[in-house]
Amino acid sequence: MAVDRSLPTSEAADLLDLTVSLVEEKIAPRAAVDERQGLFPRDLFTTLGHSGLLGLPYPEEYGGGGQPYEVYLQVVEELARGWLAVGLGLSVHTLACFPLAGFGSPNQRARLLPELIGGERLGAYCLSEAHSGSDAAALATRAAATDQGYRIDGAKSWITHGGVADFYTLFARTGAPDSGAKGISCFHVPAGSAGLAADAPERKMGMRSSPTAVVRFDGVEVAAEARIGEEGQGFPIALAALDAGRLGIAACAVGVAQAALELAVGYARQRRQFGRPIADFQGLSFMLADMATQTEAARELYLAAARRRDAGRPFGKQAAMAKLFATDVAMRVTTDAVQVLGGYGYTEDFPAERLMREAKVLQIVEGTNQIQRLVIGRHLSREA
Amino acid sequence: MGVQGGRPPAMNIVVLVKQVPDTATERKLNPADNTLDRASSDGVINELDEYAIEEALLLKEKHGGEVTILSAGPDQATDSIRKALSMGADKAIHLNDEALHGSDSLQTAYALAQALRTTEFDVVVLGSESTDARTGVVGAALAEYLGLPQLTLANKVDIDGGTIRIQRQTDDGYDVVEAQLPAVVSVVEKINEPRYPSFKLIMAAKKKPVTKLDAAGAEIDPAKVGLANATTETVDFAAAPPRAAGTVVKDEGTGGVQIADFLASKKFV
């Protein structure tokens, strides 16, 4: 039941073919067992790097794939269909590269981007803190100017790839403690910097193969040229990155919903009760029809937002709508998939319950769905 | 190709690639002329040919040189040629002529031999059979037409100077077969693990040269190819019979014995 996609070019179609091969041969077969054991599949990200999938939306001159978001996001969707930890991992890595690609100096880009997007390095994005989640501008991690650059002190929470990343894209306060959104700057911090350490990963409800950890910066010294953009430009950079990142989460959500839909349809066609497949019973086929319709609508919504972005038009409102809608759809569709599988759906012998646990996190990350509504509402009240 | 000491001279390697119907889809024959209905299913690279491409790329990585894809087939074979190029081959020759339609294994080998005469090569690598016709004779026939040594069913290939040595897979082990280059080698799937294309190679494949060749260009005698001149004929075909219902063994204390008896009757144990 492969998704019938309209793609802009033949190389994009080949790229999706390559992605589907990787998902079906290398990625999906490991998801259930590795998730149960909480194993982080670092080798799969190396494979993605070899295949050129770690820098798809970034310029070819720096080793990227030069692909529009419309194409990159469908790759993310396919990966998430196979295993959310991998699809979301790629989305987070792409997010971590965004500030440097979009706001780095020509010198920084030439020096750092090729190894970030053209190779096998994996990134992490450090914005949230224990007391600064939805209220991101309240962050307290401090970057104090020194003779050579900056000295960073603080702790970042909920960091995907915390402890396993090769570099950290960090937002820290360079202004006074009460400087708010205007006092934040963005930094590129390599793993292995003295004073940088991660706590033990959080014990999560799902996506246990994707490490989420507190990352601590205790007097980490970075050079002045580690700063991306101007002092005080960090918050607008973070928001721009999140607009794009939200589309990545929407694509992940559609992938998870698609996996649940395929599982439920396959099961309902094969499971027989009262002498016929349960898919032939209207009560159940209507559930499947709703699941398919919602998944398709969510896909088209994120793609519409992506095409706006690719065309250089504002897309923040549409990205928030896509993230809100697609992740709510993923939650409903995965919950219904458990229902379609009945008792089997509630066991670990089938992936339905895992998909349901995975869907939940997508309603929370990169702006809770309440924050998405806030973003959309602000657009509505302020737009001309 | 002589040994000149130090690094051996770079090699020209040609890989024969056939587009076949995807084995995962339903495949049909055309009732009008009993030939394969290529339009009815998706075309993919013959699976064993991917191993042949991988082996050619490994040989190139070791010895230097160029890998050329040679494919005979209709227009849609360009998809498989592009896939082969995106695995890392350097260029391709596409032999495409309506006159070739319906050619059997022998005629195909003749046509490929003629096409090979348009290019330089030290070694020709191909899969030991295709998943559609499964005759497994094209490699041998091709070597005969070219007057070259054939080394078939290789699960290991080594080239040292002008000498090629393979392990020829047999039922109980392997034979070591050696010949002088140029030569024709067919490979089995135990030989390697084909690589995935990378997106950079997918992009690069679009710019790699594909030489279009028709029958006249390859100096193929039209009287020797095509359905009308085929040396073999498909006289009839039938759909595979639907799978019969399995036997259900109800365990009333002797289930294990019955299963063991069944396996023994089929010589599985």
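In what follows, chains are A, B, ... by sequence order, proteins preceding strands, each numbered from 1. All of these numbers come straight from a predicted model, not from anything done at the bench.
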So for atom CZ, which belongs to A:Phe274, do other residues, nucleotides or ligands contribute more than 12 heavy atoms lying within a distance under 6.0 Å? no

Nearest-0.5 Å distance, CD1 of residue B:Ile202 to OG1 of residue A:Thr9: 10.0 Å

Approximate separation, where rounding is to 0.5 Å, of A:Leu48 CG and B:Ser198 OG: 12.5 Å

Residues two or more places apart in sequence or in another chain: which of them pass salt bridge (Lys or Arg N to Asp or Glu O under 4.0 Å) with A:Asp43? A:Arg30

Sidechain-backbone polar pair: B:Lys200 side chain, A:Gly63 backbone, donor-acceptor under 3.5 Å: yes

Taking atom CD of B:Gln258 as the centre, does the number of heavy atoms from other residues, nucleotides or ligands within less than 6.0 Å exceed 12? yes

A:Thr19 portion near chain B, given a 4.5 angstrom heavy-atom threshold: neither

Which atoms of B:Arg195 are under 4.5 Å from chain A, going by heavy atoms: the side chain, the backbone, both sets, or neither? neither

With a 6.0 Å cut-off (strictly less than), is the heavy-atom count around CD of A:Gln108, excluding the residue itself, greater than 12? yes

How close do A:Glu11 and B:Phe199 get, counting heavy atoms only, and between which atoms? O-CE1, 3.8 Å

Report, one line per pair, each donor and acceptor closer than 3.5 Å where one atom sits in a side chain of residues 49-56 of chain A; sequence neighbours left out.
| unit_1 | atom_1 | unit_2 | atom_2 | d |
| --- | --- | --- | --- | --- |
| A:His50 | NE2 | A:Glu120 | OE2 | 2.7 |
| A:Ser51 | OG | A:Thr47 | O | 3.0 |

